[in-house]
Amino acid sequence: MAEKGKKGLKSQSEKVTIETVATDTAKIPPHSFDLEEAVLAQILIDPDCHQLVKEEISQSKIFYDPRNRMIFEAMQTLMTATRPVDVFMVIDELRTNGNLASVGGAEVIVNLSNHVSAAFHIEGHIKRLKEMYIQRELITAAGKILADAFDESADVEQLINRSQSWVYDAVQNNIKRDVEKIDTIINRVFDELEKRQDQIGEDHLPGVPSGIRGLDEVTLGFQPSDLIILAARPSVGKTALALNIARNAAVQSHIPVAFFSLEMPSKQLVNRLLLSETSISSKKLKGGEKIAAWEWQELTEKSKGLSSSEIYIDDTPALPVMEFASKAKRLVKEKNVKLLIVDYLQLMQGPTQAKGSLREQEVAAVSRMLKSTAKDLNVPIIALSQLSRMTMQRAGGNNRPQLNDLRESGSIEQDADMVLFIHRYDYQNSGDQNAVGKTELIIAKHRNGALADIPLRFIAEKALYEDDNSSSAFVQELQASASNPGGSGEFGNVDTGF
């Protein structure tokens, strides 16, 4: 039976089209010749609808009939050139591009006007045509998936990745958000402001708190729909800081968090969390030394907070970005997750790329998809990122990282709402004992707020970042600057965020 199914489908090497799928399934794809002709007729006789058509129909493929597709393309050419769209001009354009005979001759264009009803419903007709086009695209995607799935030599993980990409591509370009008048948006903003006012308290933040006092003062927490890039050179402590933030949000603020670890297995992540929670050495947690009875007791007690928190860990290696988007959507919907963390961006697989495409293009696609997912789910996403070697080779400035150090793609900087750099002074091998653990968390980009350098202290033996002793003075300066926005201080725009 399976062999018969194989033969019934086109070979994987052949191009799968909606026609081949329709032939194999003995079904006609969704379409309506009458609606297509009604829309073309309306364009032909009603210039007032041309702007709507240009906004709603971006490609001629929403017309199933190839002849109607060619007629629309001729009309589209005329509309784009702001030339009249009437019977004679359309016939002339079709004659010029050699398609007049293919559509059935001039008589077909002349007869189009007979298809317009007394009440013009072009907007509804276009909407229905687009719905049927999406259905046809999904059928084509399903055909590709079916053809690949019958190939016993196919890599299943790659098949899943390609399948998700095909379905995503089938619908993404056809989703259109309606235009809203500003008064409806203002009403929504006011509703959110009123809710936030009711929630304001001494420790309340409108966003997801990081647990780092200086950072939260500047950002008011990580905001919904934001993409936050946390970048540093290898071994500086990106994962440690990300885990600290996840732990603070989940344990201290009782906010569900999902951590996607593409590099480190889940057991190692949990060991790191336990290391930061207790006074037990990493050597003992790794099994290198015996754990004393009192240490077992401490470990049991301190782990209770982590166990009762809502931290969800996914350690799938080389996670495809489409699979991440699917998992993230399910976590937000089913577990009410409010913060997503990806460790790290360059290890994530991008959508299926054309053969020979550059690595930069794949990373750019991953970056765009992460931002799109944050916006669609209305939750912040923190994506860890590597920095290029330029950081270590730069003369002067103590190798302070810059935005152009983001590795492999300038689109990361463009897509990010916030870029954070970890700058460890003891990582520079200066030999200065005072530099041990001294760290700055640099807000290098902040689309909706201030830039700042936040002092931290890294405790290596606990893989833990803490507020530096100078953080109190830093926060006081921020608060003073916020209360005097007209002043000339470095942080004068913290209050407004613009």
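Keep in mind that this is a model prediction, so the values were computed, not measured. If you read the sequence from its start, that first residue is 1, and numbering goes on from there.
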TODO: Using atom types as modelled and distance alone, determine if a side-chain donor or acceptor of Lys445 lies under 3.5 Å from a backbone N or O of Ala416.
DONE: yes
Open item on the list: A side-chain contact here means heavy atoms from C-beta on lying under 4.5 Å apart; do Asn378 and Ser225 qualify?
Closed with: yes
Task: Ile341 to Val257 - nearest heavy-atom pair and separation - done: CD1-CG1, 4.2 Å
- [ ] Could you tell me whether a side-chain N or O of Gln223 sits under 3.5 Å from a main-chain N or O of Leu220, the two making a donor and an acceptor?
- [x] yes
TODO: Work out which heavy atom in Ala383 is nearest to a heavy atom in Leu370; give both atom names and the distance.
DONE: CB-CD1, 3.9 Å
Task: Leu387 backbone acceptor or donor facing Arg233 side chain under 3.5 Å - done: yes
TODO: Specify the closest pair of heavy atoms between Ala364 and Asp415, including all atoms of both residues, with the distance to one decimal.
DONE: O-OD2, 4.1 Å
TODO: Return yes if a side-chain donor-acceptor contact under 3.5 Å exists between Glu310 and Tyr312, otherwise no.
DONE: yes
TODO: Could you tell me whether a side-chain N or O of Arg136 sits under 3.5 Å from a main-chain N or O of Ile62, the two making a donor and an acceptor?
DONE: yes
Task: Close side-chain approach of Ile212 to Asn244, heavy-atom, < 4.5 Å - done: no
Open item on the list: Closer than 3.5 angstrom, by distance alone: can the side chain of Ser309 be matched with the main-chain N or O of Leu306 as a donor-acceptor pair?
Closed with: yes
Open item on the list: To the nearest 0.5 Å, what is the distance between CD1 on Ile229 and CZ on Phe421?
Closed with: 9.5 Å
- [ ] Working to the nearest 0.5 Å, report the span between CD1 of Ile382 and CZ of Phe222.
- [x] 4.0 Å
Open item on the list: Using modelled atom types and a 3.5 Å cut-off, is there a donor and acceptor pairing between side-chain atoms of Thr373 and backbone atoms of Met369?
Closed with: yes
Open item on the list: Is any side-chain heavy atom of Ile245 closer than 4.5 Å to one of Leu339?
Closed with: yes
Open item on the list: If the threshold is 4.0 Å, N to carboxylate O, is there a salt bridge linking Lys238 and Asp343?
Closed with: no
Open item on the list: Return the NZ to CD1 distance between Lys338 and Ile255, rounded to the nearest 0.5 Å.
Closed with: 9.0 Å
Task: Donor-acceptor contact present, side-chain Ser367 to main-chain Val363, <3.5 Å - done: no
Open item on the list: With a 4.5 Å cut-off on side-chain heavy atoms, are Met348 and Pro320 touching?
Closed with: no
TODO: Apply the test side chain to side chain contact (heavy atoms under 4.5 Å, CB included) to residues Ile442 and Ile454: give CA-CA distance (whole Å), side-chain angles for both, the deciding distance (0.1 Å), then the verdict.
DONE: CA-CA 6 Å; Ile442 302 167; Ile454 298 158; over 6 Å; no
Task: Beyond-backbone contact of Ile313 with Ile311, side-chain heavy atoms, under 4.5 angstrom - done: yes
Task: Results of side-chain contact (heavy atoms from CB on, under 4.5 Å) for Gln268 - residues two or more places apart only - done: Met264, Pro265
Open item on the list: Taking Phe260's backbone N and O only, do any of them form a donor-acceptor pair with Asp314's side chain (distance below 3.5 Å, no angle check)?
Closed with: no
TODO: Check whether any side-chain N or O of Glu466 sits under 3.5 Å from a backbone N or O of Leu456 as a donor-acceptor pair, and report yes or no.
DONE: no
Task: Spatial distance of atom CG (Asn448) from atom CE (Met418) [nearest 0.5 Å] - done: 8.5 Å
Task: salt_bridge(Asp417, Lys371) N-O dist < 4.0 Å - done: yes
TODO: Could you tell me the separation between the CG atom of Leu384 and the CG atom of Leu241, rounded to the nearest 0.5 Å?
DONE: 8.0 Å
Open item on the list: Whether the Gln76 and Ser60 side chains hold a donor-acceptor pair (N or O, under 3.5 Å, no angle test) is what I'd like checked.
Closed with: no
Task: Donor-acceptor contact present, side-chain Asp315 to main-chain Ser261, <3.5 Å - done: no
Task: Nearest-0.5 Å distance, CG of residue Leu345 to CG of residue Leu230 - done: 11.5 Å
Task: For the student: nearest non-hydrogen atoms of Ala249 and Pro209, plus distance - done: CB-O, 3.8 Å
